[in-house]
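This report concerns only the one structure given below.
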Amino acid sequence: MEIAFTHEHEELRQTVRRFLEREATEAMVRHLMESQKGYEPRTWERLASELSILGLAIPEQFGGAGFGAVELAIVLEEMGRVLFCGPYFASAVLAVSSLMHLGDDSAKARILPHLASGKTICTLALVEHNGRWDVGSIAMKATQDGNAWRLDGAKDYVIDGQVADIILVAAKAANGLGLFEVERTANGSRCEPLPTLDLTRKLSKLTLSGTPARIISGSGDAARGLEYVLAFAAAMLAAEQVGGAQRCLEMSTEYAKTRLQFGRPIGSFQAIKHKCADMLVETEFARSAAYNAAFAASAGDGKEFIEAAHAAKAYCSEAFFHAAAENIQIHGGMGFTWEHPAHLYFKRARSSSILFGDPLEHRQKLASQLGL
Amino acid sequence: MEIAFTHEHEELRQTVRRFLEREATEAMVRHLMESQKGYEPRTWERLASELSILGLAIPEQFGGAGFGAVELAIVLEEMGRVLFCGPYFASAVLAVSSLMHLGDDSAKARILPHLASGKTICTLALVEHNGRWDVGSIAMKATQDGNAWRLDGAKDYVIDGQVADIILVAAKAANGLGLFEVERTANGSRCEPLPTLDLTRKLSKLTLSGTPARIISGSGDAARGLEYVLAFAAAMLAAEQVGGAQRCLEMSTEYAKTRLQFGRPIGSFQAIKHKCADMLVETEFARSAAYNAAFAASAGDGKEFIEAAHAAKAYCSEAFFHAAAENIQIHGGMGFTWEHPAHLYFKRARSSSILFGDPLEHRQKLASQLGL
Amino acid sequence: MAKAEISEQDLRARVQKLLEEAHPDNVDQFTFRGKQYDHGLAWVHFPEGYGGLGISPGMQAVVTDELSRHCKTMYDDMAINAIGIGMGAPTVLTHGTDWMRDNLLRRIFTGEDIWCQLFSEPSAGSDVAGLATRAARTGDYWTVSGQKVWTSLAHVSSWGMLLARSNPDVPKHLGMSYFLLDMHSPGVEVRPLHQITGEAEFNEVFLTDVKIPADRIMGREGEGWKVAITTLMNERTAIGGAGSTRPGGGAIGALIHLWQSREKGQFSPEMEILLRDRISKLYIESEMLRITSQRARAARKAGNPGPEGSVAKLAQAELNKRLWECAMDILGADSLVYEPGYTRRRPTSRTRESRNALAKYQFLRARANSIEGGTSEVMRNILGERVLGLPGEPRGDKDVPWKNIPRSA
Amino acid sequence: MAKAEISEQDLRARVQKLLEEAHPDNVDQFTFRGKQYDHGLAWVHFPEGYGGLGISPGMQAVVTDELSRHCKTMYDDMAINAIGIGMGAPTVLTHGTDWMRDNLLRRIFTGEDIWCQLFSEPSAGSDVAGLATRAARTGDYWTVSGQKVWTSLAHVSSWGMLLARSNPDVPKHLGMSYFLLDMHSPGVEVRPLHQITGEAEFNEVFLTDVKIPADRIMGREGEGWKVAITTLMNERTAIGGAGSTRPGGGAIGALIHLWQSREKGQFSPEMEILLRDRISKLYIESEMLRITSQRARAARKAGNPGPEGSVAKLAQAELNKRLWECAMDILGADSLVYEPGYTRRRPTSRTRESRNALAKYQFLRARANSIEGGTSEVMRNILGERVLGLPGEPRGDKDVPWKNIPRSA
């Protein structure tokens, strides 16, 4: 498998970057991170109307652009660079991949066009209180009542649940796991925002008590499909992490060139220069890891992709965290202030390393795949 | 417990250091490492007659100096500095502590005085082919035949077995583990030298077939006693490692001061200076670890000592290895030649980290002790 | 010096006499500590008349011990006036004028006057001696303008120890003077500086044409760096001596506690083993930090200060970061949540929070450990150059007038 | 350049024609490779008449492929004359005289003349341009004295690429000249240099009043550094391109193999999990090195060389050390033994040894990876300065005459 971006890919990247430079400024990020909703509806609308990237991975028949993992990874890398605030990862990645991989025809036709147009925001609720990103840990109960279903239980760390119109909920029915569609405002549904370490990504706790739901994953067991969705989410998050790491490297390098101490730029000191060099190595490796996973995803959903996804999430999590931590250190006291953006990347890096499984878990799963 | 060396301790250190500077030069180390025996009998004799340190930890009633772990640690640290070649660790540490902790009165009276005088060299054979420093792994079989015993099996990695007159062998009898005295040249005993990675410490493989042996550990199970001996050996080896790490730091610092590149001493570059600073931190921590274990050993053989021994072996192994590796790097191409002593320390560091259990094992055992 | 013969028994008797005159359980802080000062029991190694008895600093422990036997109310110097007592008093004693010694030391000890330190500037972080705050002499006054940063307690302080550039035409270390600044002077503006935790432990201090009387200088004009060294030495000692003092105490104790109260089934068996190895490693390093600090204290006492002290500051900063990272990994998904949310408070001491919340706070706060009081990079230079004797870098900022040295805006 | 229109098919036909004239399975190495050179199939990107056809270097793969379809005997350039073919030939082509191009290139390719590189000196390691070997002109000869080190293959070489100082009175980069040295000249002494492994991969070369005819200079007098850059660029490309080319291949493949053939019961279950995590991590890093190198090749092909190439040399050196350390940990106590003992041989290629013995050898050999071909410290400078654009250090050795720069004895 070769990693090769086309001219169109480069154009997509440039278009998204230019858009985000205008729309996702640091001032906007700070405004949204203090807000309840955590996103700017006008920007959201333009992601659909101007850039057509809300439906990037949605087939054309459902109103999307018909692209796939590589294109999503490009967008996410750019969003990661600027800590974009908004339910893109929730709706355009998690929800779309869940629907595409698990949803029945009716659900696809009903929901996907609205995700592509941005009229509906959707997310996936999978992990529960024990925080293990693992389909075996799902305890949410689904009960069939004639043709209708009801859900009981709680989901934790639901990404952008606070603004989702529809929440896709993984739950346990009598004959195995299923994926269910729930309206956030349905009877018996309570969605509370959590105070997050990383203010730039909102999380919620979802409690359901006898809440009406619609099954969308057909009659079979959705376990394997959900596992794929988890791996896909990990791979896409890795791309976002690359963008964050790259930005930290750039901030550090820029500061090291201009900050003078002892009469010379601090970047002329090997202590700082070599830190930057190591960050560069790790960022390039992270890039390789994330691109590899994205190209593998667009090539299939087999063993090669699963391995690439584990490797990417494990490596990119550590690389981003390290870059974000070094960025604070290189900025010295200033890097430690609330006013400077370094801490925003640091908190994003820490939280992203946990979401969808931390490096230890992914290394273990990879080891199992490799038969170590 | 406080770590405080007395004036007498300092004197012992200085005496040993001066002696070794004359007797254990690099030329002598290189001569002995290429030799079969691996030690210089005249030097050995003077360790007994001039320095009286062969019986340092042997009670006065058995012809020794009546000191303990702290004094042994001082001597070993000095020996570690110069890669002293000779069966000191085998005879004065392993054999003496085995006899003191497990030996019956008759064995003590019969053997210890000759160890103190240097007339007899003794070692301990415990670990077997699987290489686990673990009394549970002992398979050597001891069979009672009237009053006599016979041993069958093989021991591996016997330190300085090639020159030991007496080998203390841990073996499994019907009612548990016992410690046995075997003459190296006894019938059915074969002691073959192993080609070692670290040429400055000789190892042998000992094969016994119906070899006559004398039990010296009484009628009870020697398992707990052997475990103590293993912990004691680990603690003492840690002290030796500190000496090696310290010498690597000194070599690196000295070279960094005098070697010029780009018109300035390489130690003026932060890349080298900060490496040295980190080595200093680790060497000081290693010193704390080894001294702590030595003082704990002289205070008792309980939980506090066992914890200190695990911590010391785990920490000092990594600190010495890291110092030895950095020492090669700082010396550049020259540090990689056979002619330069850097590789001798590197190989000693690697091997010492394995002997008596590697850092992972000791951390695990410590974790169990701490109830983690 | 005359009183070197004071015995422990004698000292305990003096504490008894103090308590007869004023008992901390009955009178207020200022009154009690004022009396303690007058009896020479504030800092016993200071000279008589300045709160001491001229005896060994080790004897202070006897005073504390005797007080603790008889009083419920025990005052903590660090909580009362950390900078004033820790750094201000020794500096005043060594370099202050008679007026300062007579009028300031007592109020430092009682806590009536809180002190702060005005050294760091936005453009002079690791390079403190590169500072740009200007002090110009006009008649009996100095006029000072500039900006200081990382100033703890500035918002409650009466006095600030101010380092400013009085002569830009000489090399940087030679052109500074050290002033005692009345923090209520016109032109002094204090603004809170919020950190990664949301809290404002520190301040920025803006100085605009602030007038300082000429007799408020410590040491001579141009000798400010020498005086600052006294202040900084006392800072390093304070920081280097930190860390747990008993096995398994302090941060590592908190970490182990977190681990032992994890929920069952939170981790797979494999994860448990991997985390356990990390904790075991952190335990060992924490122990070695503790023991190394103890060896440093013993060496200082014995008059043989070795490298152990300087080692501790660097090691602790780096260890602390890794330790709290491990704590976050133990919290797992719960570490995504920052309860009860970021605040904008000014912390004095930590309030009682849940163990988890405290760990998350510490995780963020620890990032500053390798920056404050000397970055880890500067500490490695110090270890390399001052302890190991390695040569310094070629420098372009040593022998040239300060004004000619390139500096950040 | 005229032949840019040669098609793949055409090229395969040319190989067929070569094979009709001489087949490697029937004639000896010198004969066959001589013919290959004459047909322009040695290095197809070289000009016609010099072993090439003036077409894209990528087309060489077609030649190799076609040969492999029809021949059992396949020659490996690296095994035949690594330095001559990899670095000597491009340097001669770019900077050599007509005589050199006409008389040396063919013999380099056939392997009749082995080449070596004489740049490094004991006192000039990372600082190659600081070298001290002197070359003085007298009449039609240069007289050269000095010592070179780390010279692979010197003991079997006919020619050496020698960098020496022809003018000590100008700054160091400007005072060097580049010579072609006949290794059989009087005054050239080659001594084996044994390494940590006991082997002598390299040599020291002592030059005592060695005479070199004046027409054996490459480039002009004083332009030696420029010529050396051509040689070194070809070295970096060779080293940077190393590493495994398929998932799970190369060193990581060997490590996994060691792991999978461990003895049962060698490790406790806890140790197994800890080692497994390390191997998994090393696997990921090996994969990322492989993919990063692949991205570098793709970027070069596309004419957009990025930082990926320079990254690989540094990363591989550091990874390789950790990888073989892990291998030793997997061997456990067996790593105490070094079978069959240290030798003093001069390795050409590794002989068949047990997997364990090979791992131990690699463990030792890997220490040099972060030294040879540029230390990791120098590589970090290069990444920081040339890739990230960070400023260099203040330098005292750039604009002064070489003879005034302090240097080691």
Side-chain angles (χ1 to χ4, degrees), chain A residues 1-5 249-250 252-254 256-258 260 262-270 272-292 295 304 307-308 310-316 318-319 359-360 362-372, chain D residues 247-248 252 255-256 259-260 272-273 275-299 301-302 304 306-316 318-319 376-395:
Chain A
M1 191 190 60
E2 212 184 339
I3 293 166
F5 290 103
L249 171 61
E250 287 170 15
S252 290
T253 308
E254 189 52 35
K257 284 179 193 172
T258 52
L260 303 181
F262 306 102
R264 38 191 272 217
I266 61 170
S268 70
F269 289 99
Q270 285 184 329
I272 303 298
K273 182 179 296 170
H274 290 192
K275 264 189 209 301
C276 290
D278 286 335
M279 284 163 81
L280 170 66
V281 171
E282 288 176 28
T283 303
E284 284 305 318
F285 270 36
R287 207 181 287 285
S288 293
Y291 292 173
N292 186 49
F295 278 85
E304 191 178 4
E307 286 180 15
H310 290 314
K313 185 59 172 50
Y315 194 90
C316 296
E318 294 192 342
L360 285 181
H362 283 286
R363 282 203 295 271
Q364 257 176 255
K365 287 179 182 166
L366 175 62
S368 301
Q369 289 279 338
L370 295 172
L372 296 181
Chain D
I252 187 67
L255 182 77
I256 290 175
W259 172 246
Q260 286 171 336
E272 294 244 326
I273 287 161
L275 283 169
R276 202 161 159 256
D277 182 61
R278 271 172 74 191
I279 299 167
S280 183
K281 199 168 177 174
L282 289 165
Y283 176 85
I284 294 171
E285 290 179 64
S286 300
E287 270 291 277
M288 296 320 138
L289 176 63
R290 180 183 68 76
I291 296 167
T292 304
S293 302
Q294 181 201 301
R295 284 174 51 223
R297 279 191 301 274
K301 252 194 234 166
N304 300 314
E308 304 92 345
S310 329
V311 156
K313 158 80 175 85
L314 172 60
Q316 177 162 30
E318 298 303 317
L319 171 60
S376 287
E377 289 71 35
V378 166
M379 292 314 297
R380 288 192 184 94
N381 277 350
I382 290 176
L383 288 177
E385 294 172 21
R386 295 200 211 151
V387 179
L388 296 175
L390 292 170
E393 301 215 45
R395 289 183 67 165

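In what follows, chains carry the letters A, B, and so on, assigned in the order in which the sequence lines appear, proteins first and then strands, with residues in each chain numbered from 1. Scope of the values below: all heavy atoms of this structure, side chains included, with no hydrogens, waters or symmetry mates.
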How far apart are the C-alpha atoms of D:Arg295 and A:Arg287, what are their side-chain angles, what is the distance that settles it, and do they pass the side chain to side chain contact (heavy atoms under 4.5 Å, CB included) test? CA-CA 10 Å; D:Arg295 284 174 51 223; A:Arg287 207 181 287 285; 3.1 Å; yes
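The minimum heavy-atom distance linking A:Ala277 with D:Leu388 is given by the pair N-CD1, 4.2 Å. For the residue pair A:Asp278 and D:Arg380, the shortest heavy atom distance occurs at OD1-NE, 2.8 Å. Looking at every heavy atom in both residues, D:Leu390 comes nearest to A:Gly267 through CB-O, 3.9 Å. When all heavy atoms of A:Phe285 and D:Glu285 are compared, the pair lying nearest together is CE2-O, 3.6 Å. In plain terms, the two heavy atoms of A:Glu284 and D:Val311 that are nearest each other are CG-CG2, 4.1 Å. The two atoms that bring D:Ala315 and A:Val281 nearest to each other are CB-CG1, 4.0 Å, heavy atoms only.
In terms of heavy-atom pairs under 4.5 Å with chain A, the best-connected choice from D:Ile256, D:Ile291, D:Leu275 is D:Ile291. Per-residue counts of heavy-atom pairs under 4.5 Å with chain A were compared for D:Glu272, D:Gln260, D:Lys281; the largest is that of D:Lys281. Heavy-atom pairs under 4.5 Å with chain A were tallied for D:Pro394, D:Pro391, D:Gly384; the largest tally goes to D:Pro391. The residue among D:Asn381, D:Leu314, D:Ile279 with the most heavy atom pairs within less than 4.5 Å of chain A is D:Asn381.
Neither the backbone nor the side chain of A:Glu250 comes within contact range of chain D, judged by heavy atoms closer than 4.5 Å. Looking at A:Phe269, neither its backbone nor its side chain comes within 4.5 Å of chain D, counting heavy atoms on both sides. Contact annotation for D:Glu318: neither backbone nor side-chain heavy atoms come within less than 4.5 Å of a heavy atom of chain A. The parts of A:Ala311 that come within reach of chain D are both its backbone and its side chain, each placing non-hydrogen atoms under 4.5 angstrom from that chain. Only the side chain of A:Arg264 comes within contact range of chain D, with heavy atoms under 4.5 Å apart. With a threshold of 4.5 angstrom between heavy atoms, A:Glu318 approaches chain D through side-chain atoms but not through N, CA, C or O. Heavy atoms of D:Glu393 lying under 4.5 Å from chain A belong to its backbone as well as its side chain.
Under the ring pair (Phe, Tyr, Trp, His ring centres under 6.0 Å) criterion, A:Phe262 pairs with no residue at all, not counting sequence neighbours.
Between the CG atom of D:Leu383 and the NE2 atom of A:His274 there is a distance of 9.0 Å, given to the nearest 0.5 Å. Here the CD1 atom belonging to D:Ile284 is positioned 13.0 Å from the OG atom belonging to A:Ser288, to the nearest 0.5 angstrom. Taken from CD in D:Glu385 to SG in A:Cys276, the straight-line distance is 11.5 Å, to the nearest 0.5 Å.
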Name the atoms and distances for all side-chain donor-acceptor pairs under 3.5 Å in residues 364-372 of chain A, with sequence neighbours left out.
residue  : atom : partner  : partner atom : Å
A:Ser368 : OG   : A:Gln364 : O            : 3.2
A:Ser368 : OG   : D:Arg276 : NH2          : 3.1

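The number of heavy atoms from other shown groups lying within 6.0 Å of CD (A:Glu304) does not exceed 12.
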